[in-house]
Amino acid sequence: PLKVLLKMTVLAGFLTSSIQAYAEPIQIKFSHVVAENTPKGQMALKFKELVEQRLPGEYQVNVFPNSQLFGDNNEVAALLLNDVQFVAPSLSKFERYTKKLQIFDLPFLFENMESVDRFQQSDSGQKLLNSMKRKGIVGLGYLHNGMKQLSASSPLILPTDANGKKFRIMASDVLAAQFQAVDAIPVKKPFSEVFTLLQTRAIDGQENTWSNIYSKKFFEVQSHITESNHGVLDYMVVTSAEFWKSLPADKRTVIKSSLDEALAHGNQIAAAKVDKDKATIAASKRSDIIQLTTDQRQEWVSSMKPVWRQFEAKIGKDLIDAAVASNK
Ligand code: LMR
């Protein structure tokens, strides 16, 4: 009987392993709008690598960059339909789901990326990850890109230089108000259209990080870039509550820790890219980089900062105060 039992055990073991070998891994889609040589692009690839290494044969992560699968206008809707399981839109793109995240768009709120990081990691910042819970959206973590610069087809030195000019913005009312504050014309457009809009001169300028200006070649079609550091462009990695709850608890733990490590990796790349991508743009001589004097920059601050008051009621004064405090 022992022999029979042994045989049966071996057979059962063989069957289980062959079932596992033939079972298809569960497919997870991660869609984003930027190039692969960016903090977000590299973070998503690191996430794929770690999940597939730690759950071999069980889960496969397919990353779709460059708005290939979904773009700004439909990625969160696709997430809620479970057509994609992870997206990481910039914090400016969640306005339809919560007004709280508008805080990140307030011009000249954060002095630098360390302040942004302190605020995101604080209790107030961590609470914001849950701000879209009622909409079925789960915030899993923040990812840095960096501070935004202003680019245009003419030099922008004083706020009056922006008068009457058209600027592409992400779909955010705070960003619209920011450009209206300097008598410019904000135009909400998806990221995938920006290069062509600039190249054809349908719009005059835009705001973005060094990484995006470089990886999407905006510097080749904008004669001037003002190093304004006037706002932040960061991301929230989100999934749907439906998908997240459907995962077995032990797998969810592995997927979450893989994401946390991927985010740390992406943040390192973000920090390195500021100087690197800016230097590459400068070396290309395609675009003049304008450094503002303290007085010139102060003019932009004075023109744009009144925008805070317009959004204070919706965002909450306490939250704004907490963000200001993160400047130390
Ligand atoms: C933009 O639309 O300019 C950015 O949000 C793109 C991105 O994801 O970095």
Side-chain angles (χ1 to χ4, degrees), residues 30-45 47 63-76 78-79 84 86-97 101-105 107 113 116 120 139-152 166-176 178-179 186-199 202-219 221-222 225 228-238 262-263 266-267 269-271 273-274 277-278 281:
F30 195 137
S31 166
H32 66 81
V33 301
V34 292
E36 285 194 322
N37 58 339
T38 57
K40 185 159 58 180
Q42 292 297 304
M43 177 277 291
L45 290 174
F47 176 63
V63 181
F64 300 89
N66 295 312
S67 314
Q68 252 168 39
L69 190 62
F70 298 109
D72 285 340
N73 290 338
N74 55 6
E75 62 181 5
V76 181
L79 185 82
V84 60
F86 293 95
V87 292
S90 90
L91 296 165
S92 315
K93 294 175 185 171
F94 289 108
E95 201 169 75
R96 288 177 51 196
Y97 305 95
L101 293 174
Q102 287 184 328
I103 186 151
F104 289 100
D105 284 340
M113 292 309 290
V116 173
Q120 289 173 351
L140 296 173
Y142 293 101
L143 173 70
H144 297 316
N145 185 326
M147 302 299 277
K148 290 180 291 185
Q149 320 303 336
L150 292 165
S151 77
K166 283 192 192 140
F167 286 87
R168 176 270 174 171
I169 56 163
M170 298 181 270
S172 154
D173 288 345
V174 179
L175 299 179
Q178 171 195 275
F179 280 102
V187 191
K188 291 179 179 173
K189 289 285 179 188
F191 188 60
S192 58
E193 293 176 23
V194 182
F195 180 85
T196 305
L197 289 166
L198 296 172
Q199 190 187 35
I203 53 168
D204 302 295
Q206 61 92 45
E207 52 164 17
N208 233 307
T209 58
W210 290 115
S211 158
N212 282 339
I213 294 172
Y214 169 65
S215 58
K216 286 293 176 189
K217 300 187 162 55
F218 299 162
F219 70 101
V221 288
Q222 295 273 268
I225 305 169
S228 52
N229 292 314
H230 63 280
V232 62
L233 197 164
D234 267 15
Y235 308 106
M236 191 186 285
V237 179
V238 292
L263 291 175
N267 284 342
I269 290 174
K273 277 206 158 282
V274 176
D277 290 351
K278 181 180 141 190
I281 293 169

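Counting starts at 1 for both ligands and their atoms, following the listed order. Values reported hereafter were calculated over all heavy atoms of this structure, with side chains retained and with hydrogens, waters and symmetry mates removed.
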(request) For the residue pair Asn37 and Gln42, confirm or rule out a side-chain donor-acceptor distance under 3.5 Å. (result) no
(request) Applying side chain to side chain contact (heavy atoms under 4.5 Å, CB included), name anything that partners Leu69, two or more places apart in sequence or on another chain. (result) Lys29, Ser31, Phe64
(request) Using salt bridge (charged side-chain N to carboxylate O under 4.0 Å, His left out) as the criterion, list what pairs up with Lys40, not counting sequence neighbours. (result) none
Contact table ligand 1 N or O to protein N or O, d under 3.5 Å:
unit_1: ligand 1; atom_1: 2 (O); unit_2: Lys93; atom_2: NZ; d: 2.7
unit_1: ligand 1; atom_1: 2 (O); unit_2: Arg168; atom_2: NH1; d: 3.4
unit_1: ligand 1; atom_1: 2 (O); unit_2: Arg168; atom_2: NH2; d: 2.8
unit_1: ligand 1; atom_1: 3 (O); unit_2: Arg168; atom_2: NH1; d: 2.7
unit_1: ligand 1; atom_1: 3 (O); unit_2: Asn208; atom_2: ND2; d: 2.9
unit_1: ligand 1; atom_1: 5 (O); unit_2: Lys93; atom_2: NZ; d: 2.9
unit_1: ligand 1; atom_1: 8 (O); unit_2: Lys40; atom_2: NZ; d: 2.7
unit_1: ligand 1; atom_1: 9 (O); unit_2: Asn212; atom_2: ND2; d: 2.9
unit_1: ligand 1; atom_1: 9 (O); unit_2: Tyr235; atom_2: OH; d: 2.4

(message) With a 3.5 Å distance limit and no angle check, can you tell me whether Asp204 reaches the backbone of Lys166 through a side-chain donor-acceptor pair?
(response) yes
(message) Could you work out, with salt bridge (charged side-chain N to carboxylate O under 4.0 Å, His left out) as the rule, every residue matching Glu75, not counting sequence neighbours?
(response) none
(message) Can you confirm whether Tyr214 is buried at OH, in the sense that more than 12 heavy atoms of other residues, nucleotides or ligands lie under 6.0 Å from that atom?
(response) no
